[in-house]
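Treat the numbers as computed from the prediction; the structure is a model and nothing was measured.
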Amino acid sequence: MGLMIRYFRYWLFLLAVLISTFAAAKPQYINPIPLAQLINTPVSKVNEQTFELPVITWGADINTIYANGSQSITSSNSLFLVMDLNLD
């Protein structure tokens, strides 16, 4: 009988914690301002120069290497060249 009361109290405690967590976790909403209203910087063409871009050995750099045409220097069919970026 003592073990059953202990388990009952345990489950009652867990249920109380669960209910109180959901009751206290109400979201707070904000009114976001569109970026077009916040940013007033004019858009301009990228300078036509070669940028030296360091690459370190971690998984996310594969995106940069792929966009550079899978080469160390920007290739003619790369995504970066389409955007007028020339990287070394």
Which heavy atom in L85 sits nearest to a heavy atom in T74, and how many Å separate them?
O-CG2, 3.7 Å

Cluster membership besides L35, Ile/Leu/Val/Met/Phe/Trp/Tyr side chains within less than 4.5 angstrom, sorted by chain and number, is I33, L38, I39

Each residue besides F8 in its hydrophobic cluster should be listed here, by chain and number; the cluster joins Ile, Leu, Val, Met, Phe, Trp and Tyr at side-chain heavy-atom distances under 4.5 Å.
L12

Please report, to 0.1 Å, the donor-acceptor pairs under 3.5 Å made by any side chain of residues 75-83, with sequence neighbours excluded.
from : atom 1 : to  : atom 2 : distance (Å)
S75  : OG     : N77 : OD1    : 3.0
S78  : OG     : S75 : O      : 3.1
S78  : OG     : L81 : N      : 3.1

Please list, chain by chain and in numerical order, all residues satisfying side-chain contact (heavy atoms from CB on, under 4.5 Å) with D61, sequence neighbours excluded.
V55, I56, W58, T64

Give, for atom CD1 of I19 and atom CG of L14, the distance between the pair rounded to the nearest 0.5 Å.
11.0 Å

From L18 atom CG to F13 atom CZ, the distance as rounded to the nearest 0.5 Å
11.5 Å

